[in-house]
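Below are the structure tokens for one structure; questions will follow.
Numbers here are sequence positions counted from 1. Keep in mind the model is a prediction, meaning the values are calculated, not measured.
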Amino acid sequence: MITQNPKEERTLLIVKPDGVKRGLTGEIISRIEQRGLKIIALEMIHATKEQVNDHYPKDPAWIKRLGEKSINTYKEHGMDPKAELGTDDPAKIGEFVRSWLLDFLTSGPVVKMVIKGIRAVAMVRKIAGQTMPTMAEMGTIRGDFSVDDAAAANRGKRAVHNIIHASETPEEAAHEIDFWFATDDIHDYKRAEEDIMF
Ligand code: CDP
Ligand code: MG
């Protein structure tokens, strides 16, 4: 049973290097704030490979899922994963993707932030859109500002450029917030519209 106040739910968002270099940080913050979600911590950093390696799960099931996302994209394009990558094993493809992801997230500065609000995790995922920009709905950040997918990215031996990272579950969010922010760097304040919106 969840006893936490729904207004206190927190999530982590990272503007990836492609988003920062394209000047999309302000647009992303604006979409979060206009939804009524509150930014309670914010910082630009150039992450190390060690940090990114500890940020993303090391669990084999998660890595396999990364590979499956590539395989599904190949299917949509009618492409053969074996011909493209020399294997159709999702676990192996997932390992490739994970290492490209470490290169990508350390290729430039990122902006990390903690966001708080009602159903913050699900709301921010919704604002982000699907992992593959080619499949992301219009109106989402990925759908409005990016066009990449795994079939294109894997050929270039790189991760999909999809502008942002957003925690997928409250548990993932708790781990990520704890990993990226000290308690003292997370703040609280009342937003002017709080009494009107919720
Ligand atoms: O970011 P999201 O939670 O939507 O997706 P994920 O499955 O947790 O994957 C993490 C990140 O890995 C994605 O955002 C992509 O940048 C990248 N990825 C990729 O390059 N190729 C894949 N087949 C799957 C994910
Ligand atoms: Mg994820």
Side-chain angles (χ1 to χ4, degrees), residues 11-22 24 28 45-112 121-176 179-180:
T11 192
L12 182 98
L13 183 151
I14 299 176
V15 184
K16 293 179 177 178
D18 57 335
V20 172
K21 289 176 187 168
R22 291 178 57 203
L24 292 171
I28 293 162
I45 55 154
H46 196 134
T48 63
K49 276 206 179 176
E50 291 69 32
Q51 283 176 311
V52 179
N53 188 35
D54 289 341
H55 158 78
Y56 282 113
K58 293 172 181 144
D59 169 25
W62 187 85
I63 295 171
K64 191 172 166 209
R65 198 196 62 162
L66 284 183
E68 280 161 357
K69 285 194 181 182
S70 279
I71 290 169
N72 289 339
T73 311
Y74 282 129
K75 275 196 193 133
E76 281 153 19
H77 284 272
M79 288 162 76
D80 174 12
K82 255 191 175 153
E84 293 289 324
L85 292 168
T87 177
D88 55 8
D89 176 354
K92 282 195 186 127
I93 297 173
E95 291 287 355
F96 297 152
V97 171
R98 199 177 185 285
S99 78
W100 298 332
L101 199 47
L102 302 196
D103 294 336
F104 176 38
L105 269 286
T106 56
S107 65
V110 298
V111 174
K112 58 184 171 110
V121 173
M123 290 303 120
V124 174
R125 288 295 291 184
K126 210 180 273 197
I127 292 167
Q130 286 195 37
T131 304
M132 297 302 154
T134 51
M135 300 302 287
E137 296 289 342
M138 299 300 117
T140 65
I141 291 165
R142 288 164 169 171
D144 286 351
F145 297 107
S146 55
V147 72
D148 205 13
D149 75 10
N154 290 173
R155 279 203 172 180
K157 306 229 172 305
R158 59 172 180 81
V160 172
H161 290 182
N162 57 3
I163 308 171
I164 58 179
H165 164 82
S167 315
E168 291 183 53
T169 62
E171 294 71 34
E172 196 174 89
H175 160 77
E176 293 177 352
F179 179 73
W180 287 111

Exercise. If you measure from CG on Leu13 to CD1 on Ile163, what distance do you get to the nearest 0.5 Å?
Worked result: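 CD1 of Ile163 is found 11.0 Å from CG of Leu13.
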
Exercise. Side chains of Phe96 and Trp100: does their closest heavy-atom pair fall under 4.5 Å?
Worked result: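 Yes. Closest side-chain heavy atoms under 4.5 Å.
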
Exercise. Any side-chain heavy atom of Asp144 within less than 4.5 Å of one from Met138?
Worked result: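 Yes, side chains in contact.
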
Problem set entry | Taking every non-hydrogen atom, the tightest pair across Pro17 and Ser107 |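 Residues Pro17 and Ser107, closest heavy atoms: CB-OG, 3.6 Å.
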
Problem set entry | Where Ile93 and Thr87 come nearest, the two heavy atoms and their spacing |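 Shortest heavy-atom contact: CD1-O, 3.5 Å.
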
Problem set entry | Value rounded to 0.5 Å, distance of CG in Asn53 from OG in Ser99 |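 Here the interatomic distance stands at 10.5 Å.
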
Exercise. Taking the six-membered ring for Trp, are His55 and Phe179 parallel (under 30°), tilted (30 to 60°) or perpendicular (over 60°)?
Worked result: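 Because their plane-to-plane angle lies in the 30° to 60° range, the rings of His55 and Phe179 count as tilted.
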
Problem set entry | Least distance between heavy atoms, Leu12 atom then Trp180 atom |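 For Leu12 versus Trp180, the nearest heavy atoms are CD2-CD1, 3.6 Å.
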
Exercise. Closest approach of Ala151 and Tyr74, non-hydrogen atoms and distance?
Worked result: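 Reported closest heavy-atom pair: CA-CE2, 3.9 Å.
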
Problem set entry | side-chain contact (heavy atoms from CB on, under 4.5 Å) evaluation trace for Ile45 with Val110 | CA-CA 6 Å; Ile45 55 154; Val110 298; 3.8 Å; yes

Exercise. Side-chain contact, heavy-atom cut-off 4.5 Å: Asn72 with Met132?
Worked result: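 The answer is no; the side chains never approach within 4.5 Å.
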
Exercise. Sequence neighbours excluded, which residues qualify as salt bridge (Lys or Arg N to Asp or Glu O under 4.0 Å) partners of Arg158?
Worked result: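 Residues passing salt bridge (Lys or Arg N to Asp or Glu O under 4.0 Å) with Arg158: Asp148.
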
Exercise. Do you know the tightest heavy-atom contact between Val124 and Ala166?
Worked result: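 Smallest interatomic distance, heavy atoms only, reads CG1-CB, 3.8 Å.
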
Problem set entry | Sub-4.5 Å side-chain heavy-atom contact between Thr73 and Met79 |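 No - every pair of side-chain heavy atoms lies 4.5 Å or more apart.
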
For this session: Output yes when Arg65 and Glu168 qualify as a salt bridge under the 4.0 Å nitrogen-oxygen rule, no when they do not.
Result: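 So Arg65 pairs with Glu168 through a salt bridge.
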
Problem set entry | Ile28 and Phe145, any side-chain heavy atoms less than 4.5 Å apart |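 Contact flag for Phe145/Ile28 side chains = no.
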
For this session: Nearest 0.5 Å please: distance from the OG1 atom of Thr11 over to the CZ atom of Arg125.
Result: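 One finds 8.5 Å between OG1 of Thr11 and CZ of Arg125.
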
For this session: Kindly compute the distance separating CD (Gln130) from OG1 (Thr140), expressed to the nearest 0.5 Å.
Result: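 Here the interatomic distance stands at 8.5 Å.
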
Problem set entry | Side-chain heavy atoms of His165 within contact of Lys16, under 4.5 Å |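 Yes; the side chains approach each other to less than 4.5 Å.
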
Problem set entry | Test log, rule side-chain contact (heavy atoms from CB on, under 4.5 Å), inputs Thr106 and Gln51 | CA-CA 9 Å; Thr106 56; Gln51 283 176 311; over 6 Å; no

For this session: Side-chain contact test, heavy atoms from C-beta onward, threshold under 4.5 Å: evaluate it for Asp18 versus Phe104 and give yes or no.
Result: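 Touching, per the 4.5 Å side-chain cut-off.
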
Problem set entry | Residue pairs passing the salt bridge (Lys or Arg N to Asp or Glu O under 4.0 Å) test where at least one lies in residues 94-109, sequence neighbours excluded |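 Sorted pair list: Lys49-Asp103.
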
For this session: Write out all pairs satisfying salt bridge (Lys or Arg N to Asp or Glu O under 4.0 Å) with one or both partners inside residues 73-90, taking only residues at least two apart or from two chains.
Result: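 Output for this query lists Glu84-Arg155.
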
Exercise. Taking it one step at a time, do Lys69 and Val160 satisfy side-chain contact (heavy atoms from CB on, under 4.5 Å)?
Worked result: CA-CA 11 Å; Lys69 285 194 181 182; Val160 172; over 6 Å; no

For this session: Taking all non-hydrogen atoms of both residues into account, name the closest pair between Ile164 and Ala128 and its distance.
Result: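 That closest heavy-atom pairing would be CD1-CB, 3.3 Å.
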
For this session: For the residue pair Ser70 and Asn154, confirm or rule out a side-chain donor-acceptor distance under 3.5 Å.
Result: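 Checked: Ser70/Asn154 side chains pair up, N/O donor to acceptor below 3.5 Å.
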
